[in-house]
Amino acid sequence: NEGKELTKEEKQRLRKEKKQHKKNKKDDKGPPEKEKEKEKASVPAPSKPATQSPAHKAPAPVHASESAAAAEKPAKSKAELRAERRARQDSERTSKQGKKEGGQQSASSKPKATPNELQPVVKRLPEHVQVDDPAALKKLAKKLERQQVPLRSDYGYKVSLFSHLHQYSRKSPPTLQISIPATVIHPSIVRLGLQYSQGIIAGSNARSVALLHTFKQVIQDYSTPPNEELSRDLVNKLSPYISFLSQCRPLSASMGNAIKYIKKEISNIPSQCKEEEAKGKLQACIDSYINEKIILASEAISKYAIEKISDGDVILVYGCSSLVNHILCKAFEKQRKFRVIVVDSRPRLEGREALRRLVKKGIRCTYVLISALSYILPEVSKVFLGAHALLANGYVMSRVGTSQIALVAKAYNVPVLVCCETYKFCERVQTDSFVSNELDDPDDLIVTRNGKSHLENWQTVKSLGLLNLVYDVTPPDFVDLVITDLGMIPCTSVPVVLRVKNVDQ
Amino acid sequence: MPGADKETELSERIEAFLSELKRCGSGAGSLRGSAETARETTSLLRRITAQARWSNAGDLMEIIRKEGRRMTAGQPSETTVGNMVRRVLKIIREEYARSRGSTEEADQQESLHKLLTSGGSSEDNFRQHFTHLKANVIEAINELLTELEGTTDNISMQALEHIHSNEVIMTIGRSRTVEAFLKDAARKRKFHVIVAECAPFCQGHEMATSLSKEDIETTVIPDAAIFAVMSRVNKVIIGTQTVLANGGLRAVNGTHTLALAAKHHSTPLIVCAPMFKLSPQVSDTPFTRFSEILSKVNAHCPVFDYVPPELITLFISNIGGNAPSYIYRLMSELYHPEDHEL
């Protein structure tokens, strides 16, 4: 076994050197940080021979896709790691003097945040918006094969405007293609993936919390193999899990940020740390993340939001946002007198869940579908919306239909307040709902009315397509206020918050 | 007596028509198109003219007004019934005036001069008896029926003037007029149609299947995605239930949102509506179909939306294209001001 590993390492080294030679021949593209990432990932790991450059980057950007951050962020945290490894592997490397210097530079300039942040960033496009590119698909297939994660195939006729996105059917989750017992993928990850793909766990907070709890379980069951360091091996172990989960359902911005945090924490575990101690530390980190960023944040947001609710208000909410429901329940407990109008939309009909929760509390509710919006809006005094993510250009990414509500509310001069925790802020920018979105199962649109379902055989009609979008983006001029755990800010202040967060970390 | 038989048959027919209207409204019967309702109303009015007892125009107008009031009371949302009644009343006035020799148009123009100099001559009782009045009125109603039958074709003939190739057109719900319009254009041009399904009745599904059968690239979207896809839409073409006197619309619910989204993206909004949908009403009362109470919850399900005229770009009707600001003029040509209140 040992012998095999060593030869694998040698092979990898050779492959790496060849690639570095090739890279040296080409002009230097992009900042040195990109090379750093490759080096880091190409650490000899028996189960993951890192062959292709996208494969290296795949673990990081696949889940950082939602927040395709500048490469500086991971580079900064990895700079320390790299320093360690460089000391160990100096003798094994042959030709990276130039990049090493660059690395040392970036390591020393870490405290000075500004010069790095303004460097041009080469952002790699995440895989899940490149479905129309056969090369990208092939790369993905190869990567998944290597990680022994099943590849999910698209379903049904895709509307041409969205041919760059995946469209899956709920009837064929990737869990069907996994053998039982699962050998490569931890069983609780398999369970989580199934829950995501079937829509049992939905909503960005719920998905993040479930993900973090599952990772706690994974860390609990993990044992470091011999000759490996926990800080590096655990991160590599998590990569196929993350690929699997993104096959089940594309990762959300909140999940992406959570994964980045966990990877950073894992990488920061010092090598002298004993396994039990390290595991305990990681579990505590995860617990504190959930507590701070989600639970306490929602308390803080409720406090701010309750100031904005006055007696006699008629509040409009859309769909089921856990945060908005929490705010309304808290406001009701504080004896505010208001009534709620819940707006719902097909095909998900999430508003019914929100309705159930609010009525259980005792709040007076009215229920309408989104097409009745202009009928009901003259009665409304405020609109509270939840968000899936807040983009760096001030756009709010949320459940499809939110932008419509904001539009009509603006037309009737009703204030629109968006409630969002800061961990959902991401550095992506987007101006329309087409380039990066999620397509849900098209069969959901089929419905039976008067005993007839007209769309039942939509697959047989070749010019008919069904479009079931999941998200849309609301322009910032429709939103009057964003309530976050850091306070009440206008939509356009999102990049300021991100900058503050980056400097803190 | 043959006369009494005729009368009972006539009243039976009227009763049958009224109950049909009421049933359609409650959703139990099949939802009929407005064109059909208009045609049936007009045939019924022709039958009343032929079979009812009247000696002069005034009597006939009274009878028709009475029946008209009953019919509109039976189903207030179906405005085509009232519109047809008003059209027939105008026909009667015109025929009467023609029989008398004067031109009705001159009386209609309420200019300041007329008001000052006319005195009391417009005080017309319609009590004069003319032998050929019945025949003339029935002939005119027949003409009206022919016009009604040709409305959809007239509108579809204009399709190629408004749709170019490779366009993306959005529509909502199901409108037979728009369906015919798009199918006519599809014979010569290739374009893409996005249909908003219009919950809860989801009539958009029927529309989509029918359009895709003609090989038109169709996509069905839920109502929530209207604003999200609007940025890629070139034109919005919708039908409507009623065109109001100020150029606004009473259309299926969700249309106001669609119009606002189109306005935001500066996309032209085209309404295909035949002239018999034009109604002299201006104000709009929201029309709720039913309210369910599940313990502590009120649910609302409005059937129609009001769309103000500022959001509409063009009306396409059987007499051609018009701007919303011109609708009031067309209305004065179709109906007599005294008939606005039946």
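Just so it is clear, the values below take in all heavy atoms, side chains as well, and ignore hydrogens, waters and symmetry mates. Convention: sequence-line order gives letters A, B, ...; per-chain numbering from 1.
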**Report entry** Contacting region of B:V229 [heavy-atom separation from chain A under 4.5 Å]
**Finding:**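 Interface part for B:V229: both.
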Report task. Measure distances from B:L260 to the heavy atoms of chain A and classify the residue's part below 4.5 Å as side chain, backbone, both or neither. Result ->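 Contact with chain A is through both the backbone and side chain of B:L260.
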Locate the shortest heavy-atom distance separating [X] from [Y]; write the atom from each residue and the value.
X	Y	answer
B:S231	A:F434	OG-CE1, 3.4 Å
B:I216	A:S463	O-CB, 3.3 Å
B:S212	A:V461	OG-CG1, 3.4 Å
A:D472	B:A224	OD2-O, 4.5 Å
A:V400	B:A228	CG2-CB, 4.4 Å

Per-residue contact mode, [X] against chain B (heavy atom under 4.5 angstrom):
X	value
A:L358	neither
A:I376	side chain
A:A411	side chain
A:V447	both
A:Y318	side chain
A:P378	neither

Query raised in the report: Of A:V359, A:V342, A:T366, which is the lone residue that meets side-chain contact (heavy atoms from CB on, under 4.5 Å) with B:V297?
Result: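 For B:V297, the side-chain contact (heavy atoms from CB on, under 4.5 Å) check succeeds only for A:V359.
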Query raised in the report: Would you say A:Q404's side chain and B:D223's backbone share a donor-acceptor pair under 3.5 angstrom?
Result: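 At least one qualifying donor-acceptor pair exists.
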Measuring only between side-chain heavy atoms, which start at C-beta, is [X] closer than 4.5 Å to [Y]?
X	Y	answer
B:H205	A:W458	no
A:I341	B:H300	no
A:S371	B:F201	no
A:L464	B:T209	yes
B:T219	A:L466	no
B:T257	A:S374	yes

[X] side, atom [atom1]; [Y] side, atom [atom2] - distance, nearest 0.5 Å:
X	Y	atom1	atom2	result
A:Y375	B:N253	OH	CG	11.0 Å
A:L467	B:E197	CG	CD	11.0 Å
B:I221	A:L445	CD1	CG	9.5 Å
B:F227	A:T474	CZ	OG1	7.5 Å

Query raised in the report: With respect to chain A, which residue among B:P200, B:S210, B:C198, B:A261 yields the maximal number of heavy-atom pairs within a distance under 4.5 Å?
Result: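 Top option by heavy-atom pairs under 4.5 Å: B:P200.
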**Report entry** Leading residue by heavy atom contact count with chain A [cutoff under 4.5 Å; candidates B:H264, B:H256, B:R232]
**Finding:**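 Most heavy-atom pairs within the cutoff with chain A belong to B:R232.
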Query - A:R346/B:C202 under side-chain contact (heavy atoms from CB on, under 4.5 Å): CA gap, chis, key distance, verdict - result: CA-CA 10 Å; A:R346 281 198 70 235; B:C202 293; 3.5 Å; yes
Query raised in the report: Counting heavy-atom pairs under 4.5 Å to chain B, which of A:L373, A:D432, A:T402 comes out on top?
Result: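 Winner by heavy-atom pair count: A:D432.
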**Report entry** Best-contacting candidate, A:S433, A:P442, A:S345, A:S160, against chain B by heavy atom pairs under 4.5 angstrom
**Finding:**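 Option with the greatest count: A:S433.
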